[in-house]
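Convention: sequence-line order gives letters A, B, ...; per-chain numbering from 1.
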Amino acid sequence: MATEFQRRVWEALRLIPEGRVTSYGALAEYLGTRAVRAVGTAVGKNPYAPEVPCHRVVRADGRIGRYSGGEGVATKIALLKKEGVEVRDGKIVGFASKLYRFGDQQCTRPSGS
DNA sequence: AGCGTGACGAACT
DNA sequence: TAGTTCGCCACGC
């Protein structure tokens, strides 16, 4: 059984749009914790992969990081590539522009508050 | 109850 | 520029 913390992490993963990626650090920030280690551990224990897009979480430097499902990192890269995220030598191509930030509105809000 | 581990990150050398 | 060290907090033993 998962803990409250874990479920919160997995729920956050669902917010990541296709073709975009996020970092463990951004995820931790969204969760309100500095424990990126704990977040990583939580993501790795996600039992709903790849239904929950845990493969869209990469390291802060644009590297792939790790992956527990399928063929490991190879599967993670394949999934990302299918979504339009190119990976070169283990690193995300155009990482900065593909990095998703939680709460970042892509559409202008309908009418201010 | 305490200790070690871990899908990380930033600083230091 | 690359490799190493310390810090971080949740979880299992």
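Atom CG in A:Asn46 sits roughly 14 Å away from atom P in C:dC11 (whole-Å rounding). If you take CH2 of A:Trp10 and C1' of C:dA10, they are 13 Å apart, rounded to a whole angstrom. Computed from coordinates, the A:Tyr24 OH to B:dG9 P distance equals 8 Å when rounded to whole Å. The CG atom of A:Leu27 sits 12 Å away from the P atom of B:dC8 (whole-angstrom rounding). The NZ-P distance, from A:Lys91 to C:dA2, rounds to 9 Å in whole Å. In this entry the distance linking CZ of A:Arg34 with C1' of C:dA10 reads 14 Å, nearest Å. The interatomic distance linking A:Leu99 (CG) with B:dG9 (C1') rounds to 14 Å, in whole Å. Atom CZ in A:Arg7 sits roughly 15 Å away from atom C1' in C:dA10 (whole-Å rounding).
Residue A:Ser68 is classed as a base contact, given a heavy-atom separation below 4.0 Å to a base. The residue A:Phe5 sits close only to the backbone: its heavy atoms come under 4.0 Å of sugar-phosphate atoms, none of a base.
Between A:Ala35 and A:Met1, the one whose closest nucleotide on DNA chain C sits nearer the 5' end is A:Ala35. Along DNA chain B, the nucleotide nearest to A:Thr41 and the one nearest to A:Asp61 differ in position, and the one closer to the 5' end is contacted by A:Thr41.
Distance from the side chain of A:Lys45 is smallest for C:dG12 among the nucleotides C:dG7, C:dG12, B:dA10.
A pairwise comparison of heavy atoms in A:Leu27 and A:Ala12 identifies CD1-CB, 3.6 Å as the closest pair.
Using bins of under 30°, 30° to 60° and over 60° for the plane-to-plane angle, the ring pair A:Tyr67/A:His55 lands in the perpendicular bin.
Counting heavy-atom neighbours within 6.0 Å of A:Glu29 CD, excluding the residue itself, gives a total of 12 or less.
Between A:Arg37 and C:dC9 there is no side-chain N or O to OP1 or OP2 distance below 4.0 Å. For the pair A:Thr3 and C:dC11, the criterion of a side-chain N or O lying under 4.0 Å from OP1 or OP2 is met.
With respect to A:Glu11 and A:Arg8, no salt bridge is recorded, no charged nitrogen being found less than 4.0 Å from a carboxylate O.
Rounded to the nearest 0.5 Å, atoms CD1 (A:Ile16) and CZ (A:Arg101) are 14.0 Å apart.
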